[in-house]
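Throughout, protein chains are lettered first and strands after them, A, B, ... in sequence-line order, and every chain is numbered starting at 1.
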Amino acid sequence: AQSVTQPDIHITVSEGASLELRCNYSYGATPYLFWYVQSPGQGLQLLLKYFSGDTLVQGIKGFEAEFKRSQSSFNLRKPSVHWSDAAEYFCAVGPNYGGATNKLIFGTGTLLAVQP
Amino acid sequence: ETGVTQSPTHLIKTRGQQVTLRCSSQSGHNTVSWYQQALGQGPQFIFQYYREEENGRGNFPPRFSGLQFPNYSSELNVNALELDDSALYLCASSLVGTGQYNEQFFGPGTRLTVL
């Protein structure tokens with residue numbers, strides 16, 4: 001079955017500290033991988049995506065993620081967290097072809113709180 | 001460039017009623033997907049519309065239906081509302097047909113409460 005697991009429901013970090021959010025997936029083939037961020041009352045904003053090639057991908061707002069095929073993981077990292085990063089983060093997978101049905105499967109999310 | 005918009009922002013209905021949610025695609029996009037996000041959960045794929053036809057459906061009953069119009073805007077209709085239908089409904093648009101993956105751009109969502 002296709003699924004995405006985000007084992008950390010809630011994480012609290014201090015401002016300026018580093019951050020790593022975990023994501024594991026189960027999929028028939030290597031999927032396309034995504035991280036989205038959702039602020040209260042907002043839709044989803046794409047932080048970064050992995051399609052192929054270099055397994056370390058850079059995104060917006062200073063985020064990066066590393067794809068590890070052997071571990072079926074796509075963890076999100078940021079070296080120094082800012083108070084404005086407080087939000088909910090979703091990992092998602094999608095089919096690795098440019099077809100019309102580009103359905104995304106999401107994890108349950110990790111809620112990030114940032115302490116001053 | 002106008003982003004994805006959804007209306008209404010919030011909606012309250014009672015069990016058994018019917019509801020229609022609306023979505024305007026981002027300019028130039030031809031595909032719309034709908035997702036349901038229950039409280040504390042990630043979004044779940046309901047269905048996708050491409051060239052005015054349903055093209056892919058998630059694990060949702062037939063009382064969830066939709067339309068896509070020639071201008072690529074879309075409606076999500078839910079009949080016989082149940083309490084568990086209370087959720088944030090997200091619309092996402094993309095441009096399909098270029099042979100490469102098509103990023104989905106999400107709207108802000110419609111918060112539906114069923115009493």
Side-chain angles (χ1 to χ4, degrees), chain A residues 1-10 21-25 27 29-53 57 59-60 74 87-111, chain B residues 3-7 9-10 23-26 29-60 68 72 87-111:
Chain A
Q2 300 170 345
S3 65
V4 176
T5 301
Q6 293 181 247
D8 304 305
I9 297 173
H10 186 234
L21 303 183
R22 296 182 289 165
C23 173
N24 292 93
Y25 66 89
Y27 207 82
T30 300
Y32 288 168
L33 298 154
F34 308 84
W35 274 98
Y36 285 85
V37 61
Q38 186 176 38
S39 299
Q42 303 295 314
L44 297 168
Q45 181 183 23
L46 181 66
L47 284 176
L48 48 76
K49 58 185 182 284
Y50 173 78
F51 288 175
S52 64
V57 294
I60 62 172
F74 189 56
E88 190 151 26
Y89 292 80
F90 292 94
C91 180
V93 301
N96 61 353
Y97 59 88
T101 308
N102 51 354
K103 142 188 175 181
L104 294 174
I105 299 171
F106 286 86
T108 51
T110 297
L111 185 62
Chain B
V4 179
T5 60
Q6 294 184 243
S7 63
T9 305
H10 295 88
C23 171
S24 291
S25 304
Q26 183 164 312
H29 286 181
N30 58 11
T31 301
V32 173
S33 300
W34 286 92
Y35 293 82
Q36 180 195 66
Q37 185 178 13
L39 198 61
Q41 301 296 316
Q44 289 200 333
F45 177 75
I46 302 175
F47 44 53
Q48 183 178 80
Y49 276 81
Y50 173 62
R51 293 183 176 176
E52 301 177 51
E53 291 193 0
E54 186 179 295
N55 183 46
R57 189 178 184 92
N59 189 26
F60 282 82
Q68 186 183 31
Y72 303 120
L88 180 68
Y89 288 84
L90 296 165
C91 165
S93 74
S94 59
L95 174 62
V96 169
T98 62
Q100 58 186 359
Y101 189 86
N102 313 290
E103 180 180 340
Q104 297 184 52
F105 292 83
F106 284 82
T110 293
R111 173 72 63 186

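- The distance from the CZ atom of B:Phe106 to the CG atom of A:Leu46 is 9.0 Å, given to the nearest 0.5 Å.
- Looking at B:Tyr35, only its side chain comes within 4.5 Å of chain A, counting heavy atoms on both sides.
- Summarising the local packing, CD1 of A:Ile9 is surrounded by 12 or fewer heavy atoms from other residues, nucleotides or ligands at distances under 6.0 Å.
- Across A:Lys103 and B:Phe45, no two heavy atoms sit closer than the pair CD-CD2, 3.6 Å.
- Heavy-atom pairs under 4.5 Å with chain A were tallied for B:Gly58, B:Cys91, B:Pro43; the largest tally goes to B:Pro43.
- Heavy atoms of B:Gln6 lying under 4.5 Å from chain A are absent altogether.
- Heavy-atom distances place no part of A:Gln6 under 4.5 Å from chain B, backbone and side chain included.
- Atom CG of A:Leu104 sits about 13.0 Å away from atom CD of B:Gln44, to the nearest 0.5 Å.
- Contact annotation for A:Leu44: both backbone and side-chain heavy atoms come within less than 4.5 Å of a heavy atom of chain B.
- Annotation: side chain of B:Gln104 is not in contact with side chain of A:Phe34 (no heavy-atom distance under 4.5 Å).
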